[in-house]
Amino acid sequence: MNIDELIIKYPEILSLQSYRPFLWTNPHQNYAENLRFTITDIEDAENRFQRFAPFIAEAFPETVLNKGIIESPLVEIRAMKAAMAERIGCSFSDHDRLFLKCDHALPISGSIKARGGIYEVLKYAETLAIQAGLLRVQDNYRCLTEEKFKRFFSDYSLAVGSTGNLGLSVGIMGRKLGFNVEVHMSTDAKKWKKELLRSVGATVYEHSGDFTQAVAQGREQAKSNEKMHFIDDEYSTDLFLGYAVAAFRLKKQIAEQNISVDAEHPLAVIIPCGVGGAPSGITFGLKQIFGKNVRCFTAEPTHAPAMLLGLMTELWDQISVKDVGIDGITAADGLAVGRPSKLACEVLDSQISGCFTVTDDDLFKYLALLANTEKIQVEPSASAGFCGFDLIRNRFFTTFDRVNYIVWSTGGGMVPPAEMTEYIKRGNRSFR
Ligand SMILES: *Cc1c(COP(=O)(O)O)cnc(C)c1O
């Protein structure tokens, strides 16, 4: 790849190199054809979650009230909307509504990875148990808490490469079922995450060198071991479908809150993006349900615009932000990604309306504003959706009398309080 030629073709790369917030509009949107998934695949995933619900309710008491279904609330955040208008100058119309999809509050692992990561663990467990003749789909899966299943699963291992929330989700659910769990992390991963994983009995490997290389090794190692399953953030269709289920759940919540979604009242859904698994799964699901009346956007750090760069140049996973001199350094753990997932690009290429970038300072600023106005605490990655509000509104929504905006809050539920206090402090400094 010749970078100079690429820049001539896509001068937007110069904007990205300046690390200033930028919105790219997708010229291919809504031309969806031949996607490799259908709505039936999401239904299949939802049914699997339903089968596991009795087990989850039993194994994780915090899910009992919701009958073992792992879901988060959709809440209208009026005080946040008012503060964004007054303190930052965001240009809402009077009738616009702003909602938060609270995945920071998902039970079990406190982040959006409790959708995809946990789904993949459950699917692997079910497949093994059925193959061994220990389980049938019509059984009550509450039986999975029995000792004989733990013993059975302890013959198998799950491996995952993750510096954060994916490792936590796979580790917590995998260990609960009885699997051996190996989590590959880089040495600079947060100490509390390593400690938490070790406390549930996962093995944490710390890699000092090239993390991508370490993950590739883990992937290879698992291939030659039939009793090991590698959860692959970049290629996994199970992760994707686990995320897509969120769309069905959101549809119900939208109806419950009497939010109309039609040609005059579009829905804007803004999702922080790392490799793209979560936003592509959710976007795919929402497009299946709401079609043109929903527009989805990804938010990425100015220092790690992997998805924006991959989609814009149409090189997908064949280009990394480092190739154009962007350093990938950001405080947004879940979003510190240089190269997007190919599977995610394949889906978002026709489904996403736009991709924008946000500065780290803005992540902390909006994180603090949300904590101050709504008493909702999220991690830096999770506030990314707020940051591009004016960019999106001015490009897409000025002609509408009412737009319903849903900002997806993707994590923070497991962040230790002392760490959270520091995040909020840093954000509050920008209001002085
Ligand atoms: C993983 C993660 C994301 C993004 O998900 P991808 O599938 O990597 O795009 C966003 N926010 C948080 C907090 C995450 O952990």
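Just follow the structure's listing: the first ligand is 1, and inside any ligand the first atom is 1. These numbers come from the heavy atoms of this one structure, side chains and all, not from hydrogens, waters or symmetry mates.
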(Q) For Ala368 versus Ile424, what's the shortest heavy-atom pair and its separation? (A) CB-O, 3.7 Å
[X] and [Y] ion-paired at < 4.0 Å:
X: Glu206; Y: Arg198; answer: yes
X: Glu71; Y: Lys101; answer: yes
X: Glu120; Y: Lys123; answer: no

For [X], counting its heavy atoms only, list the atoms of ligand 1 lying under 4.0 Å from any of them.
X: Cys273; result: 9 (O)
X: Asn165; result: 13 (C), 14 (C), 15 (O)
X: Ser381; result: 11 (N), 13 (C)
X: Gly277; result: 6 (P), 7 (O), 9 (O)
X: Glu379; result: 13 (C)
X: Pro279; result: 9 (O)

Considering both backbone and side-chain atoms of [X], is one of its nitrogen or oxygen atoms within less than 3.5 Å of a nitrogen or oxygen in ligand 1?
X: Ile112; result: no
X: Gly276; result: yes
X: Ala382; result: no
X: Tyr243; result: no

Q | From Phe153, Phe179, Tyr156, Tyr124, residue fulfilling ring pair (Phe, Tyr, Trp, His ring centres under 6.0 Å) relative to His229 | A | Tyr124
Select one of side chain, backbone, both or neither to describe which atoms of [X] lie under 4.0 Å from any atom of ligand 1, heavy atoms only.
X: Val275; result: both
X: Leu335; result: side chain
X: Ser111; result: neither

Q.
Under the criterion side-chain hydrogen bond (donor to acceptor under 3.5 Å, both in side chains), I'd like the reasoning laid out for Asp238 against Ser236: C-alpha separation, chi angles, the key distance, then a yes or no.
A. CA-CA 5 Å; Asp238 288 335; Ser236 167; 5.1 Å; no
Identity and separation of the nearest protein heavy atom to [atom]:
atom: atom 12 (C) of ligand 1; answer: Thr410 OG1, 3.4 Å
atom: atom 5 (O) of ligand 1; answer: Ala278 CB, 3.7 Å
atom: atom 4 (C) of ligand 1; answer: Gly274 N, 3.4 Å
atom: atom 1 (C) of ligand 1; answer: Lys113 NZ, 1.3 Å

Q) Centroid-to-centroid, Phe92 to Phe389, below 6.0 Å? A) yes
(Q) Quick check on Lys342: does its NZ atom have over 12 non-hydrogen neighbours (other residues, nucleotides or ligands) under 6.0 Å away? (A) no
**Q.** Candidate pair Asp361 and Arg426, rule salt bridge (Lys or Arg N to Asp or Glu O under 4.0 Å), full reasoning
**A.** CA-CA 8 Å; Asp361 280 347; Arg426 174 170 170 190; 3.1 Å; yes
Q) Name the one of Gln221, Glu226, Glu220 that satisfies side-chain hydrogen bond (donor to acceptor under 3.5 Å, both in side chains) with Lys223? A) Glu220
Q: Using only heavy-atom distances, determine whether the side chains of Thr330 and His303 contain a donor-acceptor pair under 3.5 Å.
A: no
